[in-house]
**Student:** 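Just dropping this structure here.
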Amino acid sequence: MSQKIPTRLYLSEDEIPRAWYNLRAVMKDKPDPILHPGTLQPATASDLEPVFCKECVKQELDETTPLIPIPDRLQEFYRAYRPAPLIRAYFLEKALGTPAEIYYKHEGTNTSGSHKLNSAAAQAYYAKEEGLASLTTETGAGQWGSAMAMACAFFGIGLKVFMVKVSSEQKPYRKALIETYGANLIPSPSNTTESGKKILAENPDTGGSLGCAISEAIEVAVKTDKCRYVLGSVLNHVLLHQSIIGEEVKAALDKYGVKPDIIIGCAGGGSNLGGLIAPFMGDKIAGKSNTRFIAVEPASCPSLTRGRFAYDFGDTAKTTPLLRMYTLGSGFIPSANHAGGLRYHGMNSVLSKLYRDGHLEARSEVQTDVFKAAVQFAKIEGILPAPESSHAIKAAIDEALECKRTGEKKVILFGLTGTGYFDMTAYMSYNAGTMGDRIPSDADLERGFATLPDIPQNQHTSP
Ligand SMILES: *Cc1c(COP(=O)(O)O)cnc(C)c1O
């Protein structure tokens with residue numbers, strides 16, 4: 001390979017992928033099926049359709065179609081902000097003095113500020129096509145709510161957003177952004193739903209969690225005519241939509257003959273990581289590469305590194321179908337970590353299966369170390385990263401420093417999932433030296449595991 005790698009590895013509009021990559025279709029060992037919580041039988045489309053849009057349900061259950069076409073109108077929307085830049089981190093490599101090559105895919109260039117718009121647009125598009133009048137959803141840090149608000153404004157459909165209360169207080173500008181795009185925002189837990197009232201009665205001072213907000217949003221969706229619920233992570237159809245990230249990266253790297261040795265992503269519910277690694281993991285499963293994949297999660301919410309592989313609910317009120325995943329228990333409420341987008345008790349079932357089978361590695365990081373890496377990256381590469389994304393930055397820097405120690409010239413790729421412009425409260429706390437690290441004790445985790453459903457499938461659940 002003699003061609004000099006440019007700082008930006010461009011793709012033209014014509015090179016944007018026209019179909020999503022369905023990783024499950026190429027997995028030899030499939031993840032366990034979603035179960036109906038009442039019958040404990042595999043969930044069918046008719047079980048899921050009262051809650052989710054029809055097309056999303058179809059995608060959720062599809063484990064055989066390798067490539068799923070992206071509708072034309074959605075491709076047009078994608079072209080307004082894609083391809084997302086793939087950047088060679090020459091400055092960072094030099095500053096670290098590493099022989100490694102470092103690349104990052106920057107998903108923060110759209111106004112919502114993160115990769116979440118890729119799935120938000122798809123879900124709003126399908127809802128509109130189905131003839132629905134409105135959607136409900138939850139948002140943790142506010143990125144998903146912002147993305148959905150943008151997408152619903154574009155495709156012309158109503159939106160109610162339940163925002164985790166601590167985030168709505170930490171991030172008033174996120175709230176304002178969501179409202180500017182026309183969505184109705186309610187801090188969660190709220191007294192507008194039965195599940196919200198119940199959570200408040202048990203725990204009046206709670207700052208909320210993604211799990212609580214999901215319960216409220218589902219409740220409103222099933223009780224409202226022509227309304228469905230949309231979720232921004234965890235589910236397979238969300239990972240499918242995010243596969244455009246990995247497909248673009250692969251197309252651009254292939255153009256320049258670059259093969260990644262290590263791919264790193266932060267992991268909340270797993271959507272960006274699942275999307276980033278999808279085509280590369282497909283190659284690895286097919287025996288065509290030996291890439292390492294690393295999930296990075298917060299030490300305050302360590303689903304992969306300290307969770308149990310079990311069937312669990314996706315929400316605190318235990319209303320969703322059961323997913324077999326690494327989980328801390330749907331009753332686990334993580335401490336108020338600033339990476340709000342990573343405060344989720346479970347992990348997508350495909351990624352959980354890949355981790356279980358040894359195809360994916362995982363590590364956790366404390367937030368002060370993560371912010372140290374974030375500030376270092378901002379100063380060197382110029383981009384102010386989201387706290388969530390900074391977990392991947394931390395791991396990429398560590399891997400590059402390991403290459404410096406061993407002299408290996410590895411190719412490291414990481415997902416820069418978003419920008420941190422709305423996270424200045426977190427940066428202020430880091431700059432002032434008041435940021436702390438709260439790591440759950442084993443006893444805290446046991447309290448979460450005690451909320452796992454007591455069903456035969458969970459009898460041999462191992463740590
Ligand atoms: C939501 C979010 C994440 C985590 O969500 P995943 O579904 O795990 O990708 C990571 N980074 C940013 C910027 C986010 O908004």
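As the structure lists them, so they are numbered: ligands from 1, and atoms in each ligand from 1.
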**Student:** Hey, is Q242 one of the residues with a heavy atom under 4.0 angstrom from ligand 1?
**Tutor:**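 In this structure, Q242 fails to qualify as a contact of ligand 1 - no heavy atom is under 4.0 Å.
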**Student:** Atom 13 (C) of ligand 1: which protein heavy atom is closest, and how many Å away?
**Tutor:**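 Of every protein heavy atom, T417 OG1, 3.2 Å lies nearest to atom 13 (C) of ligand 1.
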**Student:** Short list, please: which atoms of ligand 1 are under 4.0 Å from a heavy atom of H115?
**Tutor:**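 So the atoms of ligand 1 that pass are 2 (C), 3 (C), 9 (O), 10 (C), 11 (N), 12 (C), 14 (C).
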**Student:** What protein heavy atom is closest to atom 7 (O) of ligand 1, reported as residue, atom name and distance in Å?
**Tutor:**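 The protein heavy atom lying closest is S233 OG, 2.5 Å.
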**Student:** Checking R308 against F449: charged group under 6.0 Å from the ring centre and within 45 degrees of the axis?
**Tutor:**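 Positive - R308 is close enough to the ring of F449 and near enough to its axis.
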**Student:** S190 and T192: side chain to side chain donor-acceptor pair (under 3.5 Å), yes or no, with the steps?
**Tutor:** CA-CA 5 Å; S190 76; T192 69; 2.8 Å; yes
**Student:** So, is V234 polar-close to ligand 1, with some N/O to N/O distance under 3.5 Å?
**Tutor:**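 No.
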**Student:** Which ligand 1 atoms are under 4.0 Å away from a heavy-atom of S114?
**Tutor:**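 So the answer, numbered in order with elements, is 13 (C), 15 (O).
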**Student:** Could you walk me through whether F77 and Y125 pass the ring pair (Phe, Tyr, Trp, His ring centres under 6.0 Å) check?
**Tutor:** CA-CA 10 Å; F77 181 76; Y125 167 82; over 10 Å; no
**Student:** Which ligand 1 atoms does A267 reach within 4.0 Å, using its non-hydrogen atoms?
**Tutor:**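 Near A267, meaning under 4.0 Å from one of its heavy atoms, ligand 1 has 8 (O).
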**Student:** Is the closest N or O pair between L342 and ligand 1 shorter than 3.5 Å?
**Tutor:**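 In fact, backbone or side chain, L342 has no N or O that close.
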**Student:** Please examine the side chains of L413 and V411, heavy atoms only from C-beta on, and report whether any two atoms are closer than 4.5 Å.
**Tutor:**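 Side chain of V411 against side chain of L413, heavy atoms only: no contact under 4.5 Å found.
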**Student:** Are any of the N/O atoms on G268, whether in the backbone or the side chain, positioned under 3.5 angstrom from an N/O atom of ligand 1?
**Tutor:**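 Min N/O separation from ligand 1 is below 3.5 Å for G268.
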**Student:** By number and element, which atoms of ligand 1 are closer than 4.0 Å to a non-hydrogen atom of G341?
**Tutor:**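 Those atoms are 4 (C), 5 (O).
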**Student:** If you have a sec, work out which protein heavy atom is nearest atom 15 (O) of ligand 1 and how many Å separate them, to one decimal?
**Tutor:**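 Protein heavy atom with the smallest distance to atom 15 (O) of ligand 1: K116 NZ, 2.5 Å.
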**Student:** Salt-bridged, K410 to D261, with N to O below 4.0 Å?
**Tutor:**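 No.
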**Student:** Stepwise, does the ring pair (Phe, Tyr, Trp, His ring centres under 6.0 Å) test hold for F414 with Y104?
**Tutor:** CA-CA 5 Å; F414 70 91; Y104 56 95; 5.4 Å; yes
**Student:** Under 4.0 Å from a heavy atom of C266: which atoms of ligand 1 are those, numbered in the order shown and with their elements?
**Tutor:**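 Those qualifying, in numeric order: 10 (C), 11 (N).
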**Student:** Is K394 salt-bridged to E365, cutoff N-O under 4.0 Å?
**Tutor:**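 A salt bridge is present here (some side-chain N lies under 4.0 Å from a carboxylate O).
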**Student:** Taking the basic N atoms (NZ, or NE/NH1/NH2) and the acidic carboxylate oxygens, is any pair closer than 4.0 Å for K54 and E129?
**Tutor:**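 No salt bridge links K54 with E129.
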**Student:** Identify whether the distance between the nearest side-chain nitrogen and carboxylate oxygen of R79 and E76 falls below 4.0 Å.
**Tutor:**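 Looking at R79 and E76, the cut-off is not met.
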**Student:** Could an N or O of ligand 1 be found under 3.5 Å from any N or O of E388, whether backbone or side chain?
**Tutor:**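 No, since none of the N or O atoms of E388 sits under 3.5 Å from an N or O of ligand 1.
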**Student:** Can you pull out the closest protein heavy atom to atom 6 (P) of ligand 1? Residue, atom name and distance to 0.1 Å, please.
**Tutor:**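 Heavy-atom neighbour on the protein nearest atom 6 (P) of ligand 1: S271 N, 3.4 Å.
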